[in-house]
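Down below is the structure, laid out as structure tokens.
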Amino acid sequence: MAKELSSREDNYSQWYTDLVTKADLAENSAVRGCMVIKPYGYAIWESMQAALDRMFKDTGHQNAYFPLFIPKSFFSKEASHVEGFAKECAVVTHYRLKNDPNGKGIVVDEDAKLEEELIVRPTSETIIWDTYRNWIQSYRDLPLLINQWANVVRWEMRTRLFLRTTEFLWQEGHTAHETMGEAIAEAEQMLRVYAEFAEEWMAMPVLRGVKSPNERFAGAVETYCIEALMQDGKALQAGTSHFLGQNFAKAFDVKFLSKENKQEYVWATSWGVSTRLMGALVMSHSDDHGLVIPPKLAPIQVVIVPIYRNAEQLEMVAVKAREIKKSLEARGLRVKFDDRDTQKPGFKFTEWEFKGVPVRIAIGPRDLENETVEVARRDTLEKEVLQMTGLDQKLVNILEQVQKNLFQKALDFRNLNTFKVDSWDEFLVQIEKGGFILAHWDGTAETEQKIKDETKATIRLIPLTNDGKPGKCVYSGKPSTQRVYFARAY
RNA sequence: CGGGGUAUAGCGUAGUCCGGUUAGCGCGCCUGCUUUGGGAGCAGGAGGUCGUAGGUUCGAAUCCUACUACCCCGACCA
């Protein structure tokens, strides 16, 4: 492979880009800002999708699919929503090409101009609420719990593989409820689902909270979020869940007849996570040796590398290796036997390490004699020789340990990099070092903006539960009811 | 979209200032032999319209103009 990886210390963003491209997760495409997700990267995304989809279904949601294109007029119906997205929309104006009459090439046929221009969805609230109007008449039609897996387009100035691309993949849930309380409960429930997914599956600890009004989703009454800390000390928003109040119901006239026979507007939520989670995954666990993927999401959980000197030895080793593979698969593990004869073992070790496979088994003639295998863990890079007897269970246990260890390491890192700060001087020093800063804030948008202008730090979230300890704003000195989390963010 | 940089084989690069043989090297790739418990060795071989389009010149990777893409830094954002 001969792949040189930049170190995290030397150049964190180069390290990230190297990792994503050289581990075959994704690459830049011919289209500016858009990426090609390669098979190995897509397999991880599919793992994420599968787990999330199960969790959505388990909480009563169904999948559906709405169009890629949104009539421009829909878009302008909810005022703050348009304002939030207008600056980054791709617009379809024509529907036909023709041969250039002046010579070579192909040009837009100006005669084929659309009556009404179409927006390529940056999110689907408008088209969905326009549709829901026809689906909802009675309280009996509620709650309506729908999710869709889709691509969306946001015309970003600067893009980075997975973290911010012009087109990205995501899921967006859109629900309608009878009461405000039910809608809030839904938004909070989905936040819990996201947090559980991040922590249990991605082994990535997250903070839960709500956004300040400034950082709220365009059109939302309240935005709940999970935030994770990356290894370079920057925060990353990993998922959001919005309580939309009756904003979209009113904009799209979605009413239902209540039990009391009264026309009422429905209450709404929306929630989403995107392929950005891939970036979060990479930046949470990986090291200077390459990717580290938590076992629960790894496309390959165990790779078996045969060691041999000649064809006869290969055959003997391969028989044993296939036996091991089969019995591990019977335990539900995803196993690859790397029997390529074109690469040497050392090469394979490095390659699978680079790709973040959690556990590697090496098996050679010596092992056949001794009834052993060599097992190496990706998270700790430790190797040990294990007896073949009971190997399946040992590997199941090791994978569980790896999953736990990755979470614990990330949690320890976050704890070490979260600081209570009570003075502005201290804030200025600490923000340069990275990490979360827990500080008092007077609750005003002005202060928030000034802090952002002076330090590039934003309020990542306001904790869900007030710790009940009032104080003084770190910037203005005015009274504050609770501490909030600040950080520089992706 | 502003400021700066880069563009030569799949990847990394030399050559560009000062125009002049057949554009060189490493990795990777192909063939063969030897190898195989942490990125193999030797031998032979394939692969380039020098980002694109114009221009200057007897002659352009090299000089000029425009465009495009990518990287870094800002503004915007999940």
With sugar-phosphate meaning primed atoms plus P, OP1 and OP2, does [X] contact a base, only sugar-phosphate, or nothing at under 4.0 Å between heavy atoms?
X        : result
A/Gly279 : nothing
A/Leu163 : base
A/Thr166 : nothing
A/Phe168 : base

| task | Measure the spacing between OG1 of A/Thr166 and CZ of A/Arg154 and express it to the nearest 0.5 Å. | result | 11.5 Å
| task | State plainly whether the residues A/Asp232 and A/Arg8 are in salt-bridge range, i.e. N to O under 4.0 Å. | result | no
Nearest-neighbour nucleotide for the [X] side chain, [options] considered:
X        : options             : value
A/Lys344 : B/G38, B/U35, B/C70 : B/U35
A/Arg158 : B/G37, B/C71, B/A75 : B/A75
A/Asp367 : B/C29, B/G74, B/G37 : B/G37

Whole-Å gap separating [atom2] ([N]) and [atom1] ([X]):
X        : N     : atom1 : atom2 : value
A/Glu156 : B/G74 : CD    : P     : 16 Å
A/Arg154 : B/C76 : CZ    : C1'   : 13 Å
A/Gln343 : B/C27 : CD    : P     : 16 Å

| Distance check: side-chain N/O of A/Lys456 vs OP1/OP2 of B/G74, anything under 4.0 Å? | yes
| Are any of A/Arg160's side-chain N or O atoms less than 4.0 Å away from OP1 or OP2 of B/C71? | no
| task | Please evaluate the base of B/G38 for a donor-acceptor partner in the side chain of A/Arg360 within a cut-off of under 3.5 Å? | result | yes
